[in-house]
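The next block holds one structure in the form of structure tokens; read it before the comments.
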Amino acid sequence: MKEILFLETDKKIYFASDFHLIFEKTTKREEKIIRWLEHIESDAGAIFLVGDIFDFWFEYKYVIPKGFISLQSKIKNLVQKKIPIYFFTGNHDMWMSDYFVKELGVKIYKQNQVFVCGDKQIFIGHGDGIGPNDFVYKCLKKIFQNTICQFFFRCLHPDIGMSIANAWSQKSREKNGEKNTFMGEKEWILSFCKEEEKKNHNDFYIFGHRHLPIHTDVADTSQYINIGDWITHFSYAVFDGEKVKLFYFNK
């Protein structure tokens, strides 16, 4: 399925991922993210938040994680200024439901999606659970996405559930978030892009999850861009209508 993005000639599309904001804490990282959003809003035609924006996010029927009010207010402000925001869930915030949709006007995606902008086709996703190997996580992801498992988790008091999930989330990030060396042909997301390119051509493949800014060729006319993170690199990507480039904020 493809979606069409219409951009004015002087507008750009911005991409960021892996903020890993921790609930119940207002951090310098969140303040820096808001400064970045203020910095780009004058020429932003659209903003993509490509997963793991929160270190953990789970929506009960009447409860959401405490905190993040500054970021939510800024997102709402941008949407009111007619800047569309697209949110792809990652492995840390896959339990997002409709709160951001109803309250902030953000569009949520739980699967990879292709967007067409002008004559360019852009394949976007968070990047978890794709490519070869990592079979253990792929099995875990199916369990986490199971509605019955989510129902039983909701049966826990939010104080208990959020505490357990937050502890697990931090351990998961510490274990998996430090693979900060480019592995060439062994990059599993790059392998996925090459297989996808054999089936359907895309000009750009944009992912997060890797915590490492990467810009490399998939084929002669196709490129893979990993956005990096806001723990170490404070990196983001910009599509100007023709090319995608990586940038670093205040570094």
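The structure displayed is predicted, hence computed values, not measured ones. In what follows, every heavy atom counts, from backbone to side chain, and hydrogens, waters and symmetry copies are set aside. Along the sequence shown, residues are numbered consecutively beginning with 1.
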Notebook entry, point to check: Quick one: does T89's side chain have a donor or acceptor within less than 3.5 Å of a partner on G51's backbone?
Noted result: no
Note to self: Apply side chain to side chain contact (heavy atoms under 4.5 Å, CB included) to residues L21 and I33 and explain how you reach the verdict.
What the structure shows: CA-CA 10 Å; L21 296 173; I33 292 163; 4.0 Å; yes
Note to self: When you measure from the side chain of K11 to the backbone of D240, do you find a donor-acceptor pair of N or O atoms at a distance under 3.5 Å?
What the structure shows: no
Note to self: With side chain to side chain contact (heavy atoms under 4.5 Å, CB included) as the criterion, how do I108 and V106 come out once you've worked through the C-alpha distance, each side chain's angles and the decisive distance to 0.1 Å?
What the structure shows: CA-CA 6 Å; I108 302 292; V106 172; 4.2 Å; yes
Item checked: Minimum-distance pair of heavy atoms, taken over all atoms of K194 and D217 -> CE-O, 4.5 Å
Note to self: Show the nearest heavy-atom pair for residues E242 and F204, with the distance to one decimal.
What the structure shows: O-CZ, 3.5 Å
Notebook entry, point to check: Can you tell me how far NE2 of H215 sits from CD1 of I227, rounded to the nearest 0.5 angstrom?
Noted result: 12.0 Å
Notebook entry, point to check: Is the NZ atom of K12 crowded by more than 12 outside heavy atoms at less than 6.0 Å?
Noted result: no
Note to self: Looking at S222 and V218, would you say the former's side chain and the latter's main chain have a donor-acceptor pair under 3.5 Å?
What the structure shows: no
Margin query: Against K198, only a single residue in E196, E195, H201 fulfils side-chain hydrogen bond (donor to acceptor under 3.5 Å, both in side chains); can you say which?
Written below: E195
Check: Hey, what do you get for NZ (K76) to CD1 (I85), rounding to the nearest 0.5 Å?
Finding: 11.0 Å
Next item on the list: Have a look at Y236 and tell me which of F19, W36, Y248 forms a ring-ring contact (aromatic ring centres under 6.0 Å, His included) with it.
Entry: W36
Next item on the list: Go through E31 and K74 one step at a time and tell me if the salt bridge (Lys or Arg N to Asp or Glu O under 4.0 Å) criterion holds.
Entry: CA-CA 11 Å; E31 293 169 356; K74 186 59 191 175; over 6 Å; no
Margin query: Are F68 and F54, when compared by the centres of their aromatic rings, separated by less than 6.0 Å?
Written below: yes
Checklist line | Full working for side chain to side chain contact (heavy atoms under 4.5 Å, CB included) between C117 and I13 | finding: CA-CA 10 Å; C117 186; I13 300 176; 4.1 Å; yes
Next item on the list: Please check if any side-chain donor atom of Q121 sits under 3.5 Å from a side-chain acceptor atom of D203, or the reverse.
Entry: no
Checklist line | Least distance between heavy atoms, H211 atom then H233 atom | finding: O-CE1, 3.2 Å
Notebook entry, point to check: At what distance, to the nearest 0.5 angstrom, does CG of N77 lie from CD of E38?
Noted result: 8.5 Å
Notebook entry, point to check: Are any non-hydrogen side-chain atoms of D128 and I130 less than 4.5 angstrom apart?
Noted result: no
Next item on the list: Please check if the side chain of W230 supplies one atom and the backbone of S235 the other of a donor-acceptor pair under 3.5 Å.
Entry: yes
Next item on the list: With rounding to the nearest 0.5 Å, note down the distance linking CD in Q111 to CD1 in I124.
Entry: 14.5 Å
Next item on the list: Any chance you could lay out the side chain to side chain contact (heavy atoms under 4.5 Å, CB included) test for I83 and E41, step after step, and finish with the verdict?
Entry: CA-CA 8 Å; I83 301 174; E41 67 178 274; 4.1 Å; yes
Check: Side-chain contact, heavy-atom cut-off 4.5 Å: F115 with F123?
Finding: no
Check: Do E30 side-chain atoms and L71 backbone N/O form a donor-acceptor pair below 3.5 Å?
Finding: yes
Check: Would you say N91 and D52 make side-chain contact, with heavy atoms under 4.5 Å?
Finding: yes
Note to self: So I225 and L246, do their side chains get closer than 4.5 Å, heavy atoms only?
What the structure shows: yes
Note to self: Is any side-chain heavy atom of I75 closer than 4.5 Å to one of L49?
What the structure shows: yes
Item checked: Sub-6.0 Å ring centroid separation between F249 and H39 -> yes
Check: Between H20 and D229, does a side-chain hydrogen bond (donor to acceptor under 3.5 Å, both in side chains) hold up when you go through it step by step?
Finding: CA-CA 9 Å; H20 284 278; D229 68 9; over 6 Å; no
Margin query: For a 4.5 angstrom cut-off between non-hydrogen side-chain atoms, does I47 reach L78?
Written below: yes
Note to self: Check whether H126 reaches the backbone of V50 with its side chain - one donor and one acceptor, N or O, closer than 3.5 Å.
What the structure shows: yes
Check: So which heavy atom on G241 is nearest to which on K120, and how close?
Finding: O-CG, 3.9 Å
Check: V244 and side-chain contact (heavy atoms from CB on, under 4.5 Å): which partner among F239, Y205, Y224?
Finding: F239
Check: What class does the angle between the rings of F15 and F48 fall in, given that below 30° is parallel, 30 to 60° is tilted and above 60° is perpendicular?
Finding: parallel
Checklist line | Side-chain heavy-atom pair E187, I214 within 4.5 angstrom cut-off | finding: yes
Next item on the list: Carefully, step by step, assess Y99 and Q72 under the rule side-chain hydrogen bond (donor to acceptor under 3.5 Å, both in side chains).
Entry: CA-CA 11 Å; Y99 173 78; Q72 291 180 48; 2.9 Å; yes
Check: What distance do S17 atom OG and N226 atom CG have between them, rounded to the nearest 0.5 Å?
Finding: 6.5 Å
Margin query: Check whether R210 reaches the backbone of G228 with its side chain - one donor and one acceptor, N or O, closer than 3.5 Å.
Written below: no
Next item on the list: Fit a plane to each ring of Y109 and Y86, take the angle between them on a 0 to 90° scale, and name the class: parallel (under 30°), tilted (30 to 60°) or perpendicular (over 60°).
Entry: tilted
Notebook entry, point to check: Are any of the side-chain heavy atoms of D10 and D43 separated by less than 4.5 Å?
Noted result: no
Check: At their closest point, which heavy atom of I189 faces which heavy atom of G208, and how far apart are they?
Finding: CD1-O, 3.9 Å
Check: What are the two closest non-hydrogen atoms of E197 and N202, and how far apart are they?
Finding: OE1-N, 3.1 Å
